[in-house]
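Since the structure comes first, as structure tokens, the remarks are kept for the end.
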Amino acid sequence: MIERRQTSARMSKIVIHNGVAYLCGQVGAGDGVAEQTSDCLSRIDALLKEAGSDREYILQAIIWLSDMADFAAMNAVWDAWVPEGHAPARACGEAKLARDVLKVEIIVTAAVK
């Protein structure tokens with residue numbers, strides 16, 4: 001069975017299948033990459049909770065930065081957010097994001113508790 005939550009014509013914010021929650025890409029508000037990353041991770045926390053999961057169950061994260069020069073600043077926020085001993089498989093790359101003001105987008109896949 002596939003369960004879709006917060007679904008619109010274009011996408012679902014959460015798709016759950018076989019005990020795995022797939023979250024749509026999340027972006028955050030703010031002027032700098034640290035502020036946007038923090039807001040983005042708060043949004044991910046809310047979606048994980050709705051999916052019956054949390055940070056300790058994240059399997060994979062894909063992070064897109066609009067500029068790799070922001071890598072260290074993003075990582076400072078990320079490292080404080082990920083529970084010790086629960087780092088997921090992760091990839092990070094540079095990409096042109098949907099709007100010029102966006103500096104980071106994070107896509108998460110997590111196991112459901």
Side-chain angles (χ1 to χ4, degrees):
M1 179 178 95
I2 298 173
E3 180 183 350
R4 300 173 198 281
R5 295 187 184 178
Q6 298 190 41
T7 301
S8 68
R10 179 169 294 149
M11 66 180 206
S12 297
K13 288 193 176 183
I14 303 168
V15 175
I16 300 171
H17 181 326
N18 285 339
V20 178
Y22 303 86
L23 306 185
C24 69
Q26 293 299 301
V27 297
D31 293 328
V33 72
E35 191 177 2
Q36 286 189 21
T37 301
S38 181
D39 189 53
C40 178
L41 294 174
S42 292
R43 294 169 193 234
I44 289 170
D45 277 332
L47 290 173
L48 287 170
K49 183 177 181 180
E50 182 178 336
S53 189
D54 64 38
R55 298 176 196 179
E56 292 185 0
Y57 288 81
I58 296 174
L59 304 170
Q60 181 180 45
I62 300 168
I63 302 171
W64 295 115
L65 293 169
S66 63
D67 186 341
M68 285 305 288
D70 290 332
F71 187 67
M74 178 278 298
N75 274 329
V77 177
W78 173 266
D79 292 344
W81 181 79
V82 174
E84 187 173 337
H86 296 279
R90 192 185 102 161
C92 184
E94 183 176 292
K96 182 163 178 59
L97 301 179
R99 296 186 315 271
D100 289 341
V101 297
L102 296 175
K103 298 184 179 300
V104 61
E105 180 172 2
I106 303 176
I107 306 161
V108 165
T109 303
V112 176
K113 294 190 216 180

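Numbering starts at 1 and runs along the sequence shown. All values reported here derive from a predicted model rather than from experimental measurement.
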What pairs with [X] under side-chain hydrogen bond (donor to acceptor under 3.5 Å, both in side chains), at least two apart in sequence or on another chain?
X	answer
K96	D100
Q6	E50
E3	R5

**Report entry** Least distance between heavy atoms, E94 atom then S66 atom
**Finding:** CG-O, 3.6 Å
Query raised in the report: Taking all atoms of both residues into account, what is the closest heavy-atom pair of A110 and S53, and its distance?
Result: CB-OG, 3.6 Å
For residues 12-31, dump all side-chain donor-acceptor pairs below 3.5 Å to protein atoms at least two apart in sequence or in another chain.
unit_1 : atom_1 : unit_2 : atom_2 : d
S12    : OG     : T7     : OG1    : 2.7
Q26    : NE2    : C24    : O      : 3.4

Requested in this report: For residues 52-75, pull every pair meeting ring-ring contact (aromatic ring centres under 6.0 Å, His included), keeping only residues two or more places apart or in separate chains.
Outcome: none
So if you build clusters from Ile, Leu, Val, Met, Phe, Trp, Tyr with side-chain heavy-atom gaps below 4.5 Å, do [X] and [Y] land together?
X	Y	value
L102	L65	no
L47	W81	yes
I63	M68	yes

Query - Atom pair NE2 (H86) and CD (E56), whose distance is rounded to the nearest 0.5 Å - result: 3.5 Å
Checking [X] now: which residues fulfil side chain to side chain contact (heavy atoms under 4.5 Å, CB included) with it, not counting sequence neighbours?
X	result
S38	V77
A61	W78, P88, R90, V108
D79	N75

Query raised in the report: Should V33 and D67 count as side-chain neighbours, where that means a heavy-atom distance under 4.5 Å?
Result: no
Query - I44 side chain reached by I106 side chain, heavy atoms, under 4.5 Å - result: yes
Report task. Scan residues 34-48 for pairs that pass salt bridge (Lys or Arg N to Asp or Glu O under 4.0 Å), counting only residues two or more places apart or in two chains. Result -> D39-R43, D45-R55
Query raised in the report: Tell me the salt bridge (Lys or Arg N to Asp or Glu O under 4.0 Å) pairs involving residues 102-113, sequence neighbours left out?
Result: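 Salt bridge (Lys or Arg N to Asp or Glu O under 4.0 Å) check on residues 102-113 returns D54-K113.
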Query raised in the report: Should I58 and L48 be marked as a side-chain contact (heavy atoms from CB on, under 4.5 Å) after you check the CA-CA gap, both sets of side-chain angles, and the distance that decides it?
Result: CA-CA 9 Å; I58 296 174; L48 287 170; 4.0 Å; yes
